[in-house]
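Below is one structure, written out as structure tokens, with a few remarks after it.
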Amino acid sequence: MLEQETSCEVLVIGGGPAGSTIATLLAQRGRDVLMLEKSRHPRFHIGESLLPMNMPLFEQLGVAEEIKRIGIVKLGAEFVSPWHGAPVMIDFNDAWDNTYPSAYQVRRDEFDEILFKNAVSKGARAIEECKVTAIKFQPGEEALVTAKIKDGQPHNIRAKFVVDASGRDTFLSNHFDMKHRNKKHNSAAIFGHFSGAKRLPGEIEGNISLFWFDHGWFWFIPLADGNTSIGATCWPYYMKTRKTEPAQFLLDTIALCPALAMRLKDAKLASPVTATGNFSYLSERSSGRTSGENYILLGDAFAFIDPVFSSGVFLAMNSAFVGADAVDACLNQPHEAARALKKFDHAMMHGPKVFSWFIYRITTPSMRNLLMYQGSDSKIKKALISVLIGDVFGNKGFAFWLFMFKVMYYLGSFSSPKASFMAWRKRKNSIQVVEMGVAD
Ligand SMILES: Cc1cc2nc3c(=O)[nH]c(=O)nc-3n(C[C@H](O)[C@H](O)[C@H](O)COP(=O)(O)OP(=O)(O)OC[C@H]3O[C@@H](n4cnc5c(N)ncnc54)[C@H](O)[C@@H]3O)c2cc1C
């Protein structure tokens, strides 16, 4: 129940992975947290493939066993390219630091519900079907937030600190008019669940597979319920060519990728198909602390680039861990606040920056050649695998070898200038925003 007029120390907008994580951490520290979620769990969400570096976060939240129960183990990633020979398997165990050599694939309705309920069990107040609709920051006073429950009645909440974890709704970024499209990248996706897909054999059954094709790439994510999540991430111009219903368009797109079509030969669509467009954006800042403003932006509420390395949920949850320290400092130790917010802002920029170097180049011939390289024991490959497991925040001593990976990428590009130029030109033309008439 939400009273007509209420107050809290920390108001969290959104109960996805970022919101539920920070609500849990702050409630555990004795803070009065109110989390508002516009929908009701369990609800569908895309983003089903997790990274090994999610695992220590689950342990710290106390949900490791519950996530294990709903997940299928992911030991690595398979890359399949029509321009190369045999597929390549990346084994997470080959990372520089292999303390966490596996992750899970999860259904997000189950996963998000576990995190949300965990926040409540740790003492956060949480209200579902309650949408934050307006906010007013006032000098010298608490923020005034308006939220509407299903019945449409407005509720007023006073909050000392506001955490925006509203995901792609980017509530605060819109409020401050500080959301910008990523000029270096643009993508669109169409996806659904299939039954009867042919999975990899034995213990690598749960690995993610990535299939390149002419208009982008596909993900193949096995789920514990027997279904497999299939999605095409394409240049927006390709999505614009859609003349049929989303389900037929997805099936027609799969037919353009023979290696994937083979794996789905006996498969049947087992869910509605969803399309989402033009997703790649960044907010101007991730925190604010001037008179009357006390806020941070977590996860997708701050930025989202591309799903190719399955980094979204990890970055969202990690931002909540760093964010919890920043909120604590702002509320309790003003002398520590500037330092804590600086660390927070750095983490918010650093993670997406590390992944974006790879993301922007994923469809270039040089990057494909490097990812399709069969050897697994070189230090350069180990450094690459370390990024793929999400080991991007520590200083684990592989920075030099990651640098060498980039050197090899540029050498590869220069050694085939024509193919590289064509790929660059195609990419430049393809990242234009196009109106697609799909859900966003
Ligand atoms: C096509 C695609 C595929 C992806 N695949 C992967 C993947 O395989 N692996 C991966 O890690 N990531 C993936 N991602 C990214 C991943 O989905 C997100 O990065 C992740 O969900 C971010 O978590 P979050 O908590 O920041 O936001 P969300 O998970 O979006 O949660 C935000 C919550 O806020 C609620 N909300 C929004 N506005 C309001 C409001 N005004 N009031 C109250 N509540 C509100 C929403 O209902 C939602 O529950 C993918 C993304 C896309 C687009």
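Both ligands and their constituent atoms are indexed starting at 1 by order of listing. As the structure is a computational prediction, the values presented were derived from the model and not from experiment.
Between F58 and F111, the distance from one ring center to the other falls under 6.0 angstrom. For an aromatic pair to be called close, the ring centres must be under 6.0 Å apart, and Y409 with W357 satisfies this. Ring pair Y373/F79: centre-to-centre distance not below 6.0 Å.
The shortest N or O to N or O distance between W219 and ligand 1 is not below 3.5 Å. For ligand 1, the polar-atom distance check against D112 finds no nitrogen or oxygen pair separated by under 3.5 Å. For a threshold of 3.5 Å applied to N or O pairs, the pair formed by F171 and ligand 1 contains no separation below that value. Not one N or O of F314 is nearer than 3.5 Å to an N or O of ligand 1, by distance alone. The distance criterion of under 3.5 Å between nitrogen or oxygen atoms is not met by R168 with respect to ligand 1.
At a cut-off of 3.5 Å, with distance as the only test, no side-chain donor of T133 or K148 sits close to an acceptor on the other residue. A donor and an acceptor atom, one from each side chain of E48 and Y104, are nowhere located under 3.5 Å apart. No side-chain donor-acceptor contact under 3.5 Å links N186 and S280.
Classified by interplanar angle (parallel below 30°, tilted 30° to 60°, perpendicular above 60°), the ring pair F176/F137 is parallel. Taking the six-membered ring for Trp and thresholds of 30 and 60 degrees, F304 and Y281 have ring planes inclined between 30 and 60 degrees apart. Aromatic ring orientation, F358 versus F405: tilted (interplanar angle from 30° to 60°).
Atoms of ligand 1 lying under 4.0 Å from any heavy atom of P307, numbered from 1 in the order shown and given with element: 2 (C), 3 (C), 4 (C), 5 (N), 50 (C). Distances below 4.0 Å separate heavy atoms of G299 from the following atoms of ligand 1: 26 (O). Taking every non-hydrogen atom of S39 and a distance limit under 4.0 Å, the qualifying atoms of ligand 1 come out as 47 (O). The A189 neighbourhood of ligand 1 comprises atoms 1 (C), with distances under 4.0 Å to a heavy atom of that residue. Annotation for ligand 1: atoms under 4.0 Å from non-hydrogen atoms of C130 are 43 (C). Short contacts between ligand 1 and I13, defined as distances under 4.0 Å to a heavy atom of the residue, involve ligand atoms 40 (C), 42 (N). Less than 4.0 angstrom separates some heavy atom of D169 from each of these atoms of ligand 1: 37 (C), 38 (N).
Among protein heavy atoms, the minimum distance from atom 15 (C) of ligand 1 is reached at F304 CE1, 3.4 Å. At the shortest separation from atom 23 (O) of ligand 1 among protein heavy atoms lies A316 CB, 3.5 Å. The protein atom (non-hydrogen) at minimum distance from atom 5 (N) of ligand 1 is G47 CA, 3.4 Å. Nearest to atom 19 (O) of ligand 1 among the protein's heavy atoms is D300 OD1, 2.8 Å. The protein atom (non-hydrogen) at minimum distance from atom 42 (N) of ligand 1 is V132 N, 3.0 Å. With respect to atom 17 (O) of ligand 1, the closest heavy atom belonging to the protein is I46 O, 2.9 Å. Counting protein heavy atoms only, atom 11 (O) of ligand 1 is closest to V313 N, 2.8 Å. With hydrogens left out, the protein atom closest to atom 37 (C) of ligand 1 is S166 O, 3.1 Å, a heavy atom.
Distances shorter than 4.0 angstrom do not occur between any heavy atom of G231 and any atom of ligand 1. The shell of residues lying under 4.0 angstrom from ligand 1, judged by heavy atoms, excludes M317.
Interatomic distance, CG of L282 versus CZ of R181, reported as 12.5 Å (0.5 Å rounding). The structure places CD1 of I46 at 6.5 Å from CD1 of I221, a figure rounded to the nearest 0.5 Å. Taking CD from E66 and CD from E113, the interatomic distance works out to 10.0 Å, rounded to the nearest 0.5 Å.
Residue contacts with ligand 1, taken as heavy atom pairs separated by less than 4.0 Å, involve L36 solely via the backbone atoms N, CA, C and O. Contacts between A18 and ligand 1 below 4.0 angstrom, taking non-hydrogen atoms only, involve backbone and side chain alike. Counting heavy atoms under 4.0 Å from ligand 1, residue A165 touches it through the backbone alone. Only the backbone of E48 comes within 4.0 Å of ligand 1, judged by heavy-atom distances. At a 4.0 Å heavy-atom cut-off, ligand 1 touches S49 through backbone and side chain alike.
Both the sub-6.0 Å distance and the 45° axial angle are satisfied by R263 relative to the ring of F220.
Within a 6.0 Å sphere centred on CE of M372, other residues, nucleotides and ligands contribute more than 12 heavy atoms.
Shown here are the ring-ring contact (aromatic ring centres under 6.0 Å, His included) partners of F213, two or more places apart in sequence or in another chain: H215, F218.
Remark: among candidates E37, E129, R43, K38, the nearest residue to atom 39 (C) of ligand 1 is K38, based on non-hydrogen atoms.
Although no hydrogens or angles enter the test, the distance criterion places a donor-acceptor pair under 3.5 Å between the side chain of N207 and the main chain of G76.
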